[in-house]
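To start, the structure under review is shown below, and the notes come after it.
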Amino acid sequence: MSRVWSVDLGGFVGQRVELAGWLHHQRRLAQVSFALVRDGRGMSQVVVTDPDVRAALASWAPETVLRVEGEVAAVPQAPAGLELHDPQFTVVSQPQGPLPFELRRPQLDVQLPTFLDHAALGWRHPHQRALGRVAAAAVWGFRSALEERKFVEIQTPKLVASATESGANVFPVDYFGRRAFLAQSPQFYKQTMVGVYERVYETATVFRAEPHDTGRHLAEYFSLDAELGFISDHREVMDLVGEVLAAMFAAGVERAAAAVDELDLKVPKVPAKIPSIDFMAAQELLENETGEKVVGESDLAPAHERFLGKWAEREFASDLLFVVGYPMVKRPFYTHPDPDRPEFSNSFDLLFRGLEIVTGGQRLHRYQDYLEALEGQDVAPFQSYLQAFRYGMPPHGGFAMGLERLVARLAGASNVRQVTLFPRDLNRLEP
RNA sequence: GGCCCCGUGGUGUAGCUGGCCUAACACGCCACCCUGUCAAGGUGGAGAUCGGCGGUUCGAAUCCGCUCGGGGUCGCCA
């Protein structure tokens, strides 16, 4: 008898099938016991009336791995209208000792460190695993939106010779006796590959050795990157971001419908045109509304971004807001300036519910411009990168999106580590 | 890294103006009861010396110092 997924029981009413999974919970009454068997996709209720089987069931701890053969019955009072009758259990394996916390409650009521210490168990909670499904669906949406638009998926090195992002700190590694770094971003390579395919994307882990112990930083995070050529300016990239994001949310709703339901997520609608505000205008707005002196500062503080997030919600009923035209001094050297006001850039950030989840913009594309941008610093580390421009590159731009931040905002999680499988941060290298 | 806060049975918390704490509550665990439960319910029971070290005191979970661990926030960023 082949094994059936819990979510597919509806197709087998009246038949005997085998389920396999984990004993999620059991409720013992005087004459009957209910076993909830959880598999990778869902959960099924198994009804046990045989005294011997009930006694056996009673002796099994939560998370015991089981195979259950039984008859599928459609019963109105069953949780999903379906349950398994006359079961025969086989114990596959048993947990060692008591569990550090319970999975049965609708909410996993543990502190983040406790959860993270026992991630192998915590991720089994229906709520938690639903987060993972939403993340997976979002990545799928990202890929499919870009594939549809003729982007080519690429894989770039994660062991690199030089840093890409200006301020970001790198992890040094011993590379056969030489000094190398873990890649902070596929930036250089994706730009280079625009010279080949025009449109490329990558979904991959990147590494940042920044000592930022905050709810939005990870030492290792999943970056969704895209880059495209022959653009007029950054606004074309922003349009793409909107389309991709819409596809990602749609994929969440469609491909992870049960998870979205489980988490009761409010998935935002992405407007045809995501509202945007100029960097300077944002500062003036902040100054007018809060009285705080911010005009002239070269960047927005997290508190400012939260304020702008609320403002966008009020003003446009939007969860999303572009902030456009950051000062050049705060952007990496490859950023393209605004032709009309060269101290500002053709770049943007996207705030999702007040948190920066995307950065993007137009890049320089002329070799000479790069030499000028790098003036005053050693060009040697960038020689291999600059090849692409020496051989001719079109105007291009792109963006990078932090998956964990997106999912965290979507789920209303205050800390990205809540939605990261095995987060790496300042203090945590395990599990 | 700076600043603020926290550290109590397996989990989440209360107690923390020092003695009534031989540490409380909820969940979990163990035993028994309850004819369909679904955050099931009921009765009883086991389980922590209060992160660690040192100090103040007749007396400390409660005050002080150091230390370790954690959370928030800021710098920075996805």
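Numbered from 1 within each chain, the chains take letters A, B, ... in sequence-line order. No experiment lies behind these values; they were computed from the predicted model shown.
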Please determine if [X] and [Y] form a salt bridge, counting it only when a charged side-chain N lies under 4.0 Å from a carboxylate O.
X: A:D239; Y: A:K273; answer: yes
X: A:R149; Y: A:E243; answer: yes
X: A:D8; Y: A:R3; answer: no
X: A:E202; Y: A:K158; answer: yes
X: A:R341; Y: A:D278; answer: yes

So what does [X] touch, heavy atoms closer than 4.0 Å: a base, only the sugar-phosphate, or nothing?
X: A:S414; result: nothing
X: A:V358; result: sugar-phosphate
X: A:L36; result: nothing
X: A:A301; result: sugar-phosphate
X: A:E305; result: base
X: A:L29; result: base
X: A:E83; result: base

In terms of side-chain heavy atoms of [X], which of [options] is nearest?
X: A:P79; options: B:G36, B:U37, B:A78; answer: B:U37
X: A:P62; options: B:G36, B:G12, B:C29; answer: B:C29
X: A:P106; options: B:G36, B:C77, B:A39; answer: B:A39
X: A:E102; options: B:A78, B:G36, B:G28; answer: B:G28

Tell which nucleotide pairs with [N], taking only Watson-Crick or G-U wobble pairs whose two distances are both under 3.5 angstrom.
N: B:G69; answer: B:C6
N: B:G18; answer: none
N: B:C25; answer: B:G12
N: B:C32; answer: B:G42

Heavy-atom check, side chain of A:P423 versus side chain of A:L116, under 4.5 Å: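 Side-chain contact under 4.5 Å: yes.
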
Using the [atom1] atoms only, state how far [M] lies from [N], rounded to an integer number of Å.
N: B:C32; M: B:U13; atom1: C1'; value: 29 Å
N: B:U62; M: B:U56; atom1: C1'; value: 14 Å
N: B:C20; M: B:C30; atom1: P; value: 34 Å

A:M43 to A:P126 - nearest heavy-atom pair and separation: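 Result for this residue pair: CE-CG, 4.0 Å.
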
Heavy-atom closest contact (A:Q31 atom, A:R54 atom, distance):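 The pair with the smallest heavy-atom distance is C-NH1, 3.5 Å.
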
Verify the contact: side-chain N or O of [X] to OP1 or OP2 of [N], cut-off strictly under 4.0 Å; return yes or no.
X: A:T359; N: B:A78; result: yes
X: A:R306; N: B:C74; result: yes
X: A:T114; N: B:G12; result: yes
X: A:H25; N: B:A40; result: yes
X: A:R27; N: B:C38; result: no

A:E404, A:R208, A:R424 screened by side-chain contact (heavy atoms from CB on, under 4.5 Å) with A:E220, the one that passes: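 Of the listed options, the one satisfying the test is A:R424.
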
Within the 6.0 Å centroid threshold, strictly below: A:F352 and A:F249: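 For A:F352 and A:F249, the ring centres are under 6.0 Å apart.
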
Sub-6.0 Å ring centroid separation between A:Y385 and A:Y370: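 When the ring centroids of A:Y385 and A:Y370 are compared, they turn out to be within the sub-6.0 Å range.
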
5'-most by nearest nucleotide on RNA chain B - A:A78 or A:A219: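 By nearest-heavy-atom nucleotide position, the 5'-most residue is A:A78.
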
Results of side chain to side chain donor-acceptor pair (under 3.5 Å) for A:R28 - residues two or more places apart only: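 Result, side chain to side chain donor-acceptor pair (under 3.5 Å) vs A:R28: none returned.
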
Sequence-distant partners of A:D86, side chain to side chain donor-acceptor pair (under 3.5 Å), two or more places apart: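 Partners of A:D86 by the side chain to side chain donor-acceptor pair (under 3.5 Å) criterion come out as none, since no residue qualifies.
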
Atom pairs, protein N/O to nucleotides 42-44 of chain B N/O, distance under 3.5 Å:
none

Round to a whole Å and report the spacing from [atom1] of [X] to [atom2] of [N].
X: A:R38; N: B:C38; atom1: CZ; atom2: C1'; value: 16 Å
X: A:L426; N: B:G72; atom1: CG; atom2: P; value: 13 Å
X: A:F348; N: B:C77; atom1: CZ; atom2: C1'; value: 15 Å
X: A:F399; N: B:A78; atom1: CZ; atom2: P; value: 13 Å

Side chain to side chain contact (heavy atoms under 4.5 Å, CB included) against A:E153, all qualifying residues, sequence neighbours excluded: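 If we apply the side chain to side chain contact (heavy atoms under 4.5 Å, CB included) test to A:E153, skipping adjacent residues, the hits are A:R143, A:E147, A:Q155, A:Y201, A:T203.
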
What's touching nucleotides 68-71 of chain B from the protein side, N or O pairs under 3.5 Å?
| residue | atom | partner | partner atom | Å |
| --- | --- | --- | --- | --- |
| B:G71 | OP1 | A:R417 | NH1 | 3.4 |

B:G10 base stacked by A:F101 (centroids within less than 5.5 Å, tilt under 30°):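 A stacking contact does not exist, since A:F101 is not both close and nearly parallel to the base ring of B:G10.
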
Would you tabulate the nitrogen or oxygen pairs shorter than 3.5 Å linking the protein to nucleotides 30-32 of chain B?
none

